[in-house]
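Quick notes on the structure that follows.
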Amino acid sequence: MVKEQKIRTRIAPSPTGYPHIGTLYQALFNFAPAKKENGAFIVRIEDTDRTRFVEGAEEVIYSILDWSGLTENESPRKLGAFGPYRQSERLMLYRKYVTELLDKGHAYYSYYPKANAGIKKDYAKKVDTSQEVVTNQKPPISIEEMIESGEWIIRMKVPKNTQITFKDEIRGDITFASEQVTDQVLLKSDGFPTYHLAVVVDDHLMGITHVIRGEEWISSTPKHILLYKYFEWDIPLFYHTPDLRNKDKSKLSKRHGHTNVNWYREEGYVPEAILNYLALLGWSHPNEKEIFDINDFIEHFDLGNIRAVGPMFDLVKLTWMNQQYLQNFSLPELKKRIISFYPKAKELKNLEKLIELSQTRMETLKDFEKLTSHFVKTPEVSVTEKEKLIAKDLVVKLNSIENWDSTVIFTAMKEVMTTHGVKMPILYQLLTGSPKGLPLPQSLELLGKDESIARLDAISTS
RNA sequence: GGCCCCAUCGUCUAGUGGCCUAGGACGCCGGGCUUUCAUCCCGGCAACACGGGUUCGACUCCCGUUGGGGUCACCA
């Protein structure tokens, strides 16, 4: 009998650069089910490709996890009972299992001349690459010798004329003819495993129960299934989530949109909004809610209910969602966010009041700086003769105000507008450099009588 | 090109044989509120890719076509 096992999920990022939005998406869909069942969400670093390794990339992954609140239970920085969590530190393990495969006859040495390295196949043009691998040479005796020669690799043996079927929990059974599966390289000439060997060994050893990963892995899953069978291990549940898409429906990429999580962060998107938006891609809340927090998501998320259709990443809707979050923050919370995003905000007089006025006018935190720029310095505006007269009149009106208050200021402004037959945007332009923005009477009230009049004086006499 | 996956408004989606003259959200258009701009409220436009079946009845099931995507590395 299989004993009741707590759910264990993982993301397996490669430290090859910046944090990808797709990684965050995967993290969310792995984090939630683990949290819901009180299981474990693991981060395993897949650094088996030494040529693509980027120093510091691992820390960058943690930073977005911390920023978004999807904190892992086990990882290289949070050791659990299944370490090490960095594949480069598990080399001896992979060699042990590859030896087992060799002994069982499920893997073999293959001679691979260095001259063939780096050849990329072009399938559309039917390039014949069948001569790349020469296997009829005498194999070295040990893995150590193999590594030393640098021209030997170990491949897995794929049976001929069979069907390999596995169940994708989102799509159902998927079958591949074994002819479609190549004798995958398991151990590279440098002694490092390929993804395919490492992922199977590690998922098994780390007790991963649900493999939740991108759909790009579907076609290599048969290789993994074969390995599970060779090792006689239990096969975990597979959930292949849809890949996020560009506007042209191709897999989300740098060329077409923003894939770096840090871009969103720097543009003033809050993590709650990003997570909420991501949650809605491929999944929907049972009662069609659009705005919900992470706890709501954890409570209602159902892995089996993910759609298999690749959703387009829509920045416009994300932006709307971000605006909703900013608007629903309490004032103290919003203040906190603004200051951490834009530290200079602390130097602003009447900060609380400005935030209050800005709240419904911000789509991103970045907007606060723009909205309040005329408080930081006098805007430079070019004015017509008529506008100079308007400014002059307004100075007279404002000067006579005893009780400097926005409603009184507004009345004065209205009178001037009526006299000159102009509308509000003209005054906004004169005083803030933009025809739209924070309510003008309030702006002047906060700016103070002297400063307001000084600015108008400058305009009328320019 | 082989194989695999997918197919509801422009976009994200609800829909699991009759509740569908297809619902919601973003966006767009129009209106209301209004101190510009927003917010907020109301209304509107807009989709089941196509063709065959199965069934009393298909958006829902099956097959095909078309279209889109992925994959076919000593990258993950």
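Quantities reported herein were computed from a predicted structural model and do not represent experimental measurements. In what follows, every chain begins at residue 1, and chains take the letters A, B, ... in the order their sequences are listed.
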Distance below 4.0 Å between Gln324(A) side-chain N/O and U39(B) OP1 or OP2: no
Side chains of residues 309-320 of chain A: which donor-acceptor partners sit under 3.5 Å, not counting sequence neighbours?
from      : atom 1 : to        : atom 2 : distance (Å)
Asp314(A) : OD1    : Val316(A) : N      : 3.1
Lys317(A) : NZ     : Glu290(A) : OE1    : 3.0
Thr319(A) : OG1    : Tyr269(A) : OH     : 2.8
Thr319(A) : OG1    : Leu315(A) : O      : 2.7

Integer-rounded Å distance: U11(B) P and Met321(A) CE: 18 Å
Phosphate OP1/OP2 of A76(B): any Thr48(A) side-chain N/O under 4.0 Å: yes
Sugar-phosphate, base or nothing in reach of Gln442(A), heavy atoms under 4.0 Å: base
Under the salt bridge (Lys or Arg N to Asp or Glu O under 4.0 Å) test, residues paired with Lys388(A) that sit two or more places apart: Glu385(A)
Residues that His420(A) engages under ring-ring contact (aromatic ring centres under 6.0 Å, His included), provided they are two or more places apart: none
Touch class at under 4.0 angstrom, heavy-atom based, for Arg52(A) against every strand present: base
Test: Glu100(A) and Lys96(A) ion pair at under 4.0 Å: no
Base of U35(B) and ring of Phe410(A) stacked, centres under 5.5 Å, planes under 30°: yes
Between protein and nucleotides 25-29 of chain B, what N or O pairs are separated by less than 3.5 Å?
from   : atom 1 : to        : atom 2 : distance (Å)
A25(B) : O4'    : Glu290(A) : OE2    : 3.2
A25(B) : O2'    : Glu290(A) : OE1    : 3.3
A25(B) : O2'    : Lys317(A) : NZ     : 3.3
A25(B) : N3     : Lys317(A) : NZ     : 3.2

Contact pattern, 5' to 3', of nucleotides 65-71 of chain B - B, S or - by protein heavy atom under 4.0 Å: ---SSSS
Donor-acceptor pair (no angle test) under 3.5 Å: Thr360(A) side chain, A38(B) base: yes
Sequence-distant partners of His210(A), ring-ring contact (aromatic ring centres under 6.0 Å, His included), two or more places apart: Tyr239(A)
Distance below 4.0 Å between Arg307(A) side-chain N/O and A14(B) OP1 or OP2: yes
C1'-based separation of C75(B) from G70(B) [nearest Å]: 16 Å
Length of the line joining Lys223(A):NZ and C3(B):C1', which is rounded to integer Å: 12 Å
Short side-chain N/O contact to C75(B) OP1/OP2 from Lys188(A), under 4.0 Å: yes
Spacing of Tyr18(A) atom OH relative to A76(B) atom P, expressed in whole Å: 18 Å
